Protein chains: 2
Amino acid sequence: MVKKKETITIYDVAREAGVSMATVSRVVNGNPNVKPVTRKKVLDVIRQLGYRPNAVARGLASKKTTTVGVVIPDISNTFYAELTRGIEDIATMYHYNIILSNSDMKKEKEIQLVEALLEKQVDGLLFLGGEITDSHREIFAASTVPVVLAATRDERRELPYVTIDQIQAAKEATTILVHEGHEQIAFIGGPLTDSVNGYPRYVGYKEAIEESETSFDEALVRLGDYRYRSGYEAMKSLLESQPGVSAVFAVSDEMAVGAIHAVQDLGKRVPEDVSVIGFENIPLSSQVRPLLSTVSVPMYDIGAVAMRLLTKYMNDEQVESGQVYLQYSMELRNSTKLKEWEDER
Amino acid sequence: MVKKKETITIYDVAREAGVSMATVSRVVNGNPNVKPVTRKKVLDVIRQLGYRPNAVARGLASKKTTTVGVVIPDISNTFYAELTRGIEDIATMYHYNIILSNSDMKKEKEIQLVEALLEKQVDGLLFLGGEITDSHREIFAASTVPVVLAATRDERRELPYVTIDQIQAAKEATTILVHEGHEQIAFIGGPLTDSVNGYPRYVGYKEAIEESETSFDEALVRLGDYRYRSGYEAMKSLLESQPGVSAVFAVSDEMAVGAIHAVQDLGKRVPEDVSVIGFENIPLSSQVRPLLSTVSVPMYDIGAVAMRLLTKYMNDEQVESGQVYLQYSMELRNSTKLKEWEDER
DNA sequence: CTGTTAGCGCGTTCAA
DNA sequence: TTGAACGCGCTAACAG
């Protein structure tokens with residue numbers, strides 16, 4: 001792979017076109033203060049020489065890179081991939097590029113990635129999914145560029161974020177099961193130490209149960225890691241030790257599907273014997289049988305809105321509210337019996 | 001969000017430490033020619049001042065940005081998301097950042113994205129999935145930085161790539177069905193105009209059929225768009241018009257799962273009445289019942305190897321071969337009857 | 001409407 | 001082992 005080395009600069013274009021580099025810069029940047037004739041001449045030379053502006057030099061001089069950094073837990077996770085697509089689409093729309101990095105939700109790595117992104121002089125930062133600790137607030141506060149959180153929130157409300165009301169969503173999902181009249185509604189959750197997704201959804205479940213006729217029972221709770229396998233195991237354990245369970249709320253679609261399969265493997269049917277409701281509404285939920293009833297989280301929109309919000313901050317535009325909660329909905333399909341659901345919100 | 005403006009530079013550090021900026025530059029870049037004492041002093045000042053090197057300025061001066069551009073069809077597609085994770089992991093390992101952009105497989109957009117990435121002075125380019133046309137070869141040839149293709153190939157072998165042998169893989173998958181002794185083996189493919197995935201897999205299917213006892217029958221072929229829905233529709237159409245079909249090879253897992261559901265909805269069973277084999281081995285394939293038999297494509301590895309290859313080119317290291325074909329395998333689960341399969345390759 | 005002139009923050013000779 | 005000086009390619013006043 002032999003490559004040519006001649007870098008052709010704005011200066012070459014200027015000389016060739018018989019104008020100053022300032023003029024070339026103007027036409028390249030669409031500055032209207034250029035006589036049409038000269039503009040055309042410059043444009044011709046640019047094409048002829050195959051000139052390509054150097055964004056790095058431009059970035060150094062203008063102190064803007066038109067790129068934003070994105071810290072995401074794991075791009076191979078459907079949920080975040082969908083979110084990222086929303087981010088990228090809006091970024092493209094506003095002529096920004098995205099530098100993507102996976103954090104695996106590790107605090108250390110998150111901080112380090114943010115640091116690296118800042119070194120690269122990104123114009124803004126999108127931070128997805130992870131829990132916001134004081135270390136995060138510290139580095140974000142020290143940042144000279146705006147930061148927006150997505151699919152997570154800052155309890156202290158110091159940082160702008162866009163997400164959904166997790167507690168409420170989990171509560172509604174559970175309530176659907178309550179309305180179906182079950183005596184024992186189990187819960188398959190994520191780690192309670194996960195303050196972003198795990199804990200809030202647990203709280204929502206608990207609140208719904210406590211407001212119902214039945215009462216909260218620790219024995220009906222199982223914790224997994226959001227993955228299929230853990231949902232399967234949890235359900236199996238539940239069915240074996242709690243024969244009275246006739247409904248379950250799993251806080252991720254993968255776990256919910258795993259739960260459905262566990263039910264089926266034990267010779268029971270969904271939703272006839274056990275109702276199952278999930279959370280997220282990733283494609284998987286409508287690619288299994290029975291179709292999974294789930295909480296529909298607007299993943300794409302969360303990404304898109306977060307990115308849009310970031311552009312506003314980057315352009316110093318006025319922002320009504322930095323804390324935005326997007327609408328979620330109950331997508332009732334075939335793993336639950338209740339087909340209608342009044343939106344109480 | 002009020003932000004501070006003071007940018008602290010290498011020059012500030014120099015002054016504060018009582019040395020020249022050249023020395024600071026040396027310690028920042030790990031140049032050994034610095035007396036330990038001065039190094040420590042500089043390091044202290046750096047920490048104290050909270051100095052953060054400006055990668056853009058560095059990029060301009062050194063003509064290296066330690067970032068690579070990645071053009072991908074669609075990050076929300078599981079297959080590519082997995083691939084991207086492989087890329088990102090290796091990139092991180094070699095201290096590169098990734099600028100990600102979605103092309104949706106649109107030729108125009110691909111070219112435009114490459115152009116933008118080149119403007120950003122990426123040190124290398126990873127191009128995923130799309131077909132390589134002359135326009136592509138042209139812009140890649142004109143590029144001063146190395147380009148590696150992943151999950152696609154350049155028939156003209158002008159560009160390096162890493163992928164799998166699609167024809168052979170499709171052929172083997174079909175052959176498994178042949179060995180099960182079916183009279184009519186259907187095919188649910190992608191667009192034949194898709195020279196990257198659609199056409200090769202079709203060729204593989206056809207070759208396998210033609211080498212078998214049975215003969216190729218156009219009526220057993222249906223084309224979809226790799227998505228679940230199209231697989232479902234294709235299978236339904238197949239079952240309705242070709243009652244003799246007892247096996248089908250779908251060129252994507254989503255279509256294969258859709259096919260399975262169509263079979264089931266028509267009151268038949270998989271694999272007892274109809275054997276189904278897919279392609280890709282995305283997580284979905286092991287999250288449905290019956291578990292899907294499929295061609296396992298090393299998605300993560302394709303990304304990882306491609307990125308590794310790119311680093312070699314970027315460092316002017318010796319590369320044995322620019323055309324690498326990774327190993328795939330037959331993942332036989334429960335949607336086919338044959339449980340063993342000799343690897344003939 | 002166009003050109004001149006400073007930097008932007010840092011890597012890198014070349015001397016010392 | 002260290003410093004001075006130049007240049008990377010471009011934007012942004014400021015003149016004219």
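This structure is a prediction, so every number in the text was calculated from the model and none was measured.
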**Request:** Mind grabbing the angle between the end helix axes of the helix from C/dC1-D/dG16 to C/dA16-D/dT1? Five pairs an end, 10° rounding.
**Result:** 30°

**Message:** Just checking A/Y161 against A/Y325, ring centres under 6.0 Å apart?
**Reply:** yes

**Item:** Most 5' of A/M21 and A/P32 on DNA chain C, judged by nearest nucleotide
**Value:** A/P32

What is the distance, to the nearest angstrom, from the [atom1] atom on [X] to the [atom2] atom on [N]?
X: A/L60; N: D/dT11; atom1: CG; atom2: P; value: 11 Å
X: A/R26; N: D/dA15; atom1: CZ; atom2: C1'; value: 11 Å
X: B/Q121; N: C/dG11; atom1: CD; atom2: P; value: 17 Å
X: A/I8; N: D/dC10; atom1: CD1; atom2: P; value: 9 Å

Is there a side-chain polar atom (N or O) of [X] under 4.0 Å from OP1 or OP2 of [N]?
X: A/R58; N: D/dT11; value: yes
X: A/S20; N: C/dT2; value: no
X: B/Y11; N: C/dG7; value: no
X: B/T23; N: D/dG3; value: yes
X: B/S62; N: D/dC8; value: no
X: B/N29; N: C/dG11; value: yes

**Request:** Would you mind telling me which of D/dG9, C/dG11, C/dG9 lies closest to the side-chain atoms of A/T9?
**Result:** D/dG9

**Prompt:** Mapping B/V34 and B/K63 to their closest nucleotides on DNA chain D, which lands nearer the 5' end?
**Reply:** B/V34

